[in-house]
K.L.:
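The structure's right below; bear with me while I get my questions together.
Within every chain, numbering begins at 1; the chains are lettered A, B, ... in the order of the sequence lines, protein sequences first and strands thereafter.
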Amino acid sequence: MNFEIAVGHGVRTVSVTRQGSQLQVSIDGRTVVVDARRVGDMELSLLVAPAGGADPVHSVDASLAARRTAGDFDVHVAGRTIPVQVRLAGGFGRQKKAGAAQGTGPQRITAPMPGKIVRVLVKPGDEVKARQGLVVVEAMKMENELRAARDGRVRDVAVTEGQSVDAGALLLVVE
Amino acid sequence: MNFEIAVGHGVRTVSVTRQGSQLQVSIDGRTVVVDARRVGDMELSLLVAPAGGADPVHSVDASLAARRTAGDFDVHVAGRTIPVQVRLAGGFGRQKKAGAAQGTGPQRITAPMPGKIVRVLVKPGDEVKARQGLVVVEAMKMENELRAARDGRVRDVAVTEGQSVDAGALLLVVE
Amino acid sequence: MKKILIANRGEIAVRVIRACRDMGIATVAIYSECDRAALHVRLADEAWPVGPSAPRESYLRIDAIIEAAKKSGADAVHPGYGFLAENEDFAAACRDAGLVFIGPSPEAITLMGSKTAARQAAIKAGVPVVPGTEEPLSEDTSDADVLTVAERIGYPLMLKAVAGGGGKGMRMVSTPADLPAALRAARSEALSAFGDGAVYLERRILAPRHIEVQLLGDHHGTVLPFVERECSIQRRHQKVVEESPSLAVSPELRRRMTSAAAAVAKTVGYTNAGTIEFLLDRDGSFYFLEMNTRLQVEHPITEMVTGVDLVQWQIRIARGEPLTLAPESLLTPKAHAIECRIYAEDPETGFMPSPGRIQGLRVPHGPGVRDDSGAYEGGEVPIFYDPMISKLVTWGETRGHAIARMKRALAEYQVRGIRTTIPFFQWLLDDEDFKAARFDTTFIDRKWGAPGSRLPQAIDSAHEDLAVIAAAVHMFTRSTATVVSEPVSIWKQAGRAEALR
Amino acid sequence: MKKILIANRGEIAVRVIRACRDMGIATVAIYSECDRAALHVRLADEAWPVGPSAPRESYLRIDAIIEAAKKSGADAVHPGYGFLAENEDFAAACRDAGLVFIGPSPEAITLMGSKTAARQAAIKAGVPVVPGTEEPLSEDTSDADVLTVAERIGYPLMLKAVAGGGGKGMRMVSTPADLPAALRAARSEALSAFGDGAVYLERRILAPRHIEVQLLGDHHGTVLPFVERECSIQRRHQKVVEESPSLAVSPELRRRMTSAAAAVAKTVGYTNAGTIEFLLDRDGSFYFLEMNTRLQVEHPITEMVTGVDLVQWQIRIARGEPLTLAPESLLTPKAHAIECRIYAEDPETGFMPSPGRIQGLRVPHGPGVRDDSGAYEGGEVPIFYDPMISKLVTWGETRGHAIARMKRALAEYQVRGIRTTIPFFQWLLDDEDFKAARFDTTFIDRKWGAPGSRLPQAIDSAHEDLAVIAAAVHMFTRSTATVVSEPVSIWKQAGRAEALR
């Protein structure tokens, strides 16, 4: 089974095959042998070893939490929380693979959590600088300012002050 | 929905009906109003009140564990573990309802857990007294003696010393 | 005292329920709509609804809460912290309804709840205060008037809500130009959190440490101070890590600070639990900052180093018992304790709140670990309230031992489905300055923003590989059925997963 | 010491892993076939298989464990308790393989592991022993010979495995007629548990208390005793509840018992952690019973009242550090701690083992609670090993407070899918004699068998009603889908359930 898995700033090409009672996992050509046991719906006990060598003995206690998009997970491993996006082979376009998706194109500012729009700090047509505040959302008793990631110009403002929004709702677009 | 629920030494006749956002539960004619929320696959948060009175406010945090037989549960409630057997109305015969099932009929001695038969202390035809040892099963490093519940005579011995048995396996019958 | 209503939610309600249960006292929870299945409701003996999810319509509704207390037959009310804990009207309403309010008198709350009146009480007790406005600036004070007052105090200065607490309604102002915006924001936060938009100004002590002294006062004239807590690790003026004792406080300074704290409390005839907050300057001088007339979030670290159950003592004091604790033992910390406040906030995205359902939860255990939590697996973290879901506390024979245990406990802790501040604490606990206790209240703002300082472990490619392996194995072997524990079944699932491609 | 192999499983392996992690030391777990997904495997840095599930084929396989240690590059081995912890061959094999054995020398294990040699060491140290056989009775000794020896000692007497421990291979014998059967059973248990069927006889002290003294000895000649533990609450000679300090031990008696314990340890040049067990007679005289040359199950209560991490100190001693603990503080208990051993046994059916899958697990938390566990939700309790799944420990300002917290913690504790001894402890903690600390080692056998004494709370009809309501509501609203948190969805499910009838 072949996957593409985005993690950090890159995408890894991953294949998983059965090998006796164990699994062989290749990541961008490097292969490890994994003895896997499912210990909960979203929890795995893995013993891992480099391929061709000794038995898998490095214990990795891993658990996953599904994110909103199918195939997106937070992986909890070794005391860390690492977001990954899993797609079947070919699931990511060229762009993502090149690691270029981050820096270009319009910025869609979405609500990171359900809340109330306290203030809209810009209007369509405004020029904005990187890290300039765009909109203030109140949730969980704190006001949170959403900022521009890069310089740009405000195209659409989809919300008004006082409005309640769901997580993921589009608030405004900067191009 | 009507149930018969065995608990302790008796069987209760229970009905559950919806009443607005709450449930009405009748136990042998006594009625309570329950505000129920499921907080896990087998966990419930219940607020309970006597019917016809105030709002349900007695908080009962209940969780269940399925036993081997469908409809049999251990209910964990108020720090206690209480075994119940739930059947649809009419599911129990007359005998059980009368509370008479306990004291008569042949005793089927079954293995309470997986283990090894260490010693068989009786043979078919033996007269046994209440609490007399019948068979010794080893499990989890301890030897456990299974005893007769009442006086009787050994009819069948289904196991031999050294044999491994599964939980629930019939070991012998005393009549 | 046979039945106590807990006028709060979340971890502190659970904490109070546990103390009551330890004392054989029945408990009454209250809940808003979204909290029907919250842990404090599940663990209490009774639970009464008090209104919709917005705090103003439920947990801040004095009338609804008093009515629930009366109907339930409770004879006392514990306010926890936050919500109505420092609301004198609530304390008075309890008293008027014949309910024992487990906290100070309404008069003491009124006096010390006003930051400006509290400063005057400290001055009267002979305790130094930070220079600032002695009178509150009401909501209606014009920007121009506030600017005039600010000019007298000098910049940088702190703008604070008179009714403030928990870092809310507080802003640092560096130049006159920043004042109007800061004033607007602070008033708005203060109004929403406390229903009172009045503010005051205070000179900003540069790079101070925040040191506080826990007190208990009984109804027989005894006030006992406890060994100090160090609370300098703050973000947005909100404490995130606390420890006791402070490495910056010598036994001699401890004696002076705890005596000063007790003097302030005695001056106002204070009873029950309270905390005097000080700023400790680099030169060793300290200033009265404010008094919190309630239990503090960080009370467990004091409990860990003194062995005293502060909530039990709140209840015992409220029912008239004299303080029988040995004063010296309260000032002699047993080794070291540290607390991390676990928030449902994502440190990777500027601490954005991360409400939602907790899909999975693994809580750390073992020697020296205590977790005071309001969360459970399958439970919801609502958007309406403070996003703190638990307080992880560790104790160790030394500060280093306590930190080591905290790192271990944080590594065991898994909160799945929402993001939390756990990675932030892992970063902090590895910081050399933190490990050496070289910090002040500006620590997080200076350090967390610095280039390359953020979550170094998250960009470690070895761990990314492990995450990739786990995700791939999960997809390969996943099952919508129940837990699979035999390897053979995993391969069956795997076969099926392949067949389904 | 950079990497430690833990030659054990379950809660004690988890406990040792946590201590190693607190010290920055890497951990190697070992596992038998059925333990592949056990908690100690999941939490360790590495995990090596050592054989099939039966202990003799895995956890007792010295060769396989030494090989795993070598292959993994471990430089030390922690044996935990049970299995090979008191096996001198294992300690010697570690030494021969260049591995540090975290425990006493093979010579000390050999000497004190033989109950009869240990008695002689105690006599040499001037410590009284219970009258009995000074030489072991080998497996081949005839019943007639054993009867002759027994006659000299007098009935009732105790028949004990020379290599015994944990209550295994131990029988009380009241009359000569009972001796042959008891001998057979004790030898069989001892052979199966320790691989050595030799036994010895001891006069039975009627209704004694079981008091023990924890010791640490370093490689520089220092031996330090700790405040005593009271372990009289036993079933089948197996401890089930322990507390520290003992209400039966005055400060003066504590001084004498701890000095006697230290004297025995010094006589044999003992190093690392060990425990001297005494019987305390009603008249205040005490007798050396045996020495356990390892960490005890009940070590956490000592940690709770002294603040010392005993496992850390085992490791520090093993790497040559001198004991720098203040002797007086170890003998001055900070308030009170109590431990309940949670077993996968059903008290309702004569404590039948109850292995199987843990369908659901809720662990208690909050102030003064510690849970040392090897269990997790979804995990299996195998049939092959000791059925203890966790140790619940509480600390309180007084004994009453510790007991109250234990009752609260037990009420919060839910282990679903298997039966546990939690209800038994709930019964015990409500017993008037227990509450007054009026007990001896015969307490459980006398009290638990008494009519009407068993689990009174389980036959309380109000609670039966609640169980019935919960079960009925569950059946009415059940769903095979995921968690349902909105009421409306519950009613949808209910509708569907009805439609399916």
K.L.:
Counting only non-hydrogen atoms closer than 4.5 Å, does B:Leu44 touch chain D with its backbone (N, CA, C, O), its side chain (CB onward), both, or neither?
P.N.:
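Answer is side chain: those atoms of B:Leu44 sit under 4.5 Å from chain D.
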K.L.:
Quick one: does D:Gln359's side chain get under 4.5 Å of B:Ser63's, heavy atoms only?
P.N.:
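The answer is no; the side chains never approach within 4.5 Å.
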K.L.:
By a 4.5 Å heavy-atom criterion (distance strictly below it), what part of D:Arg408 contacts chain B: side chain, backbone, both, or neither?
P.N.:
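Nothing of D:Arg408, per the 4.5 Å heavy-atom cut-off to chain B.
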K.L.:
Can you check side-chain contact (heavy atoms from CB on, under 4.5 Å) on D:Arg362 and B:Asp61, steps first, answer last?
P.N.:
CA-CA 12 Å; D:Arg362 183 174 74 181; B:Asp61 197 43; 2.6 Å; yes
K.L.:
Could you grab the distance from atom CZ of B:Arg37 to atom OG1 of D:Thr477, nearest 0.5 Å is fine?
P.N.:
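Spacing of CZ (B:Arg37) from OG1 (D:Thr477) equals 12.0 Å.
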K.L.:
Looking at B:Ala66, B:Ala62, B:Ser15, which has the largest count of heavy-atom pairs under 4.5 Å with chain D?
P.N.:
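The answer is B:Ala66.
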K.L.:
Closest approach of D:His463 and B:Ile82, non-hydrogen atoms and distance?
P.N.:
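Answer, listing the atom of D:His463 first, then B:Ile82: O-CD1, 3.4 Å.
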K.L.:
I need the minimum non-hydrogen distance between D:Gln426 and B:Gly79, along with the two atoms involved.
P.N.:
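Smallest interatomic distance, heavy atoms only, reads NE2-O, 2.8 Å.
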K.L.:
Identify, with sequence neighbours excluded, every residue that meets ring pair (Phe, Tyr, Trp, His ring centres under 6.0 Å) alongside D:Phe351.
P.N.:
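Result, ring pair (Phe, Tyr, Trp, His ring centres under 6.0 Å) vs D:Phe351: D:Phe424, D:Trp448.
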K.L.:
So what's closer than 4.5 Å to chain B heavy atoms on D:Thr349: side chain, backbone, both or neither?
P.N.:
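Neither part.
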K.L.:
What distance do D:Leu466 atom CG and B:His76 atom NE2 have between them, rounded to the nearest 0.5 Å?
P.N.:
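Reported to 0.5 Å precision, the distance equals 14.5 Å.
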K.L.:
Go through the steps to decide whether B:Thr81 and D:Arg416 satisfy the test side-chain contact (heavy atoms from CB on, under 4.5 Å), and finish with yes or no.
P.N.:
CA-CA 9 Å; B:Thr81 304; D:Arg416 305 199 300 272; over 6 Å; no
K.L.:
What residue, out of D:Gly356, D:Pro355, D:Pro382, D:Gly417, has the most heavy-atom pairs lying under 4.5 Å from chain B?
P.N.:
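It is D:Pro355.
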K.L.:
Would you say that B:Val84 contacts D:Glu464 through its side chain, given a criterion of any heavy-atom pair below 4.5 Å between the two side chains?
P.N.:
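Of all side-chain heavy-atom pairs linking D:Glu464 with B:Val84, none is under 4.5 Å.
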K.L.:
Might you point out which heavy atoms bring B:Leu146 and D:Met352 nearest each other, and give the distance in Å?
P.N.:
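Here B:Leu146 and D:Met352 meet closest at CD2-CE, 2.9 Å.
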K.L.:
If you count heavy-atom pairs under 4.5 Å between each of B:Val25, B:Val77, B:Asp28, B:Val32 and chain D, which one has the most?
P.N.:
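Sorted descending by pairs with chain D, the first entry is B:Val77.
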K.L.:
Determine the minimum heavy-atom distance between D:Phe476 and B:Phe3, stating which atoms define it.
P.N.:
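Heavy-atom minimum between the residues: N-CZ, 4.2 Å.
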K.L.:
Chain D heavy atoms under 4.5 Å from B:Val118: which part of the residue, side chain, backbone, both or neither?
P.N.:
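Answer is neither: B:Val118 stays 4.5 Å or more from chain D.
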K.L.:
Tell me whether B:Arg30 at atom CZ has more than 12 heavy atoms from other residues, nucleotides or ligands lying less than 6.0 Å away.
P.N.:
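Count over threshold, so yes.
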K.L.:
Flag the one option from B:Ile27, B:Val14, B:Val48 with the top tally of heavy-atom pairs under 4.5 Å to chain D.
P.N.:
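The option with the most such pairs is B:Ile27.
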K.L.:
Among B:Leu23, B:Val75, B:Val16, B:Leu46, whose side-chain contact (heavy atoms from CB on, under 4.5 Å) with D:Ile469 holds?
P.N.:
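The option that passes is B:Leu46.
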K.L.:
Heavy-atom distances under 4.5 Å only: say whether D:Asp346 touches chain B with side chain, backbone, both or neither.
P.N.:
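Neither part.
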K.L.:
Relative to chain B, which of D:Val473, D:Leu410, D:Asp465 shows the most heavy atom pairs under 4.5 Å?
P.N.:
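Highest number of pairs under 4.5 Å: D:Asp465.
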K.L.:
How far apart are the closest heavy atoms of D:Ala471 and B:Ile5, and which atoms are they?
P.N.:
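Shortest heavy-atom separation between D:Ala471 and B:Ile5 comes out as CB-CD1, 4.5 Å.
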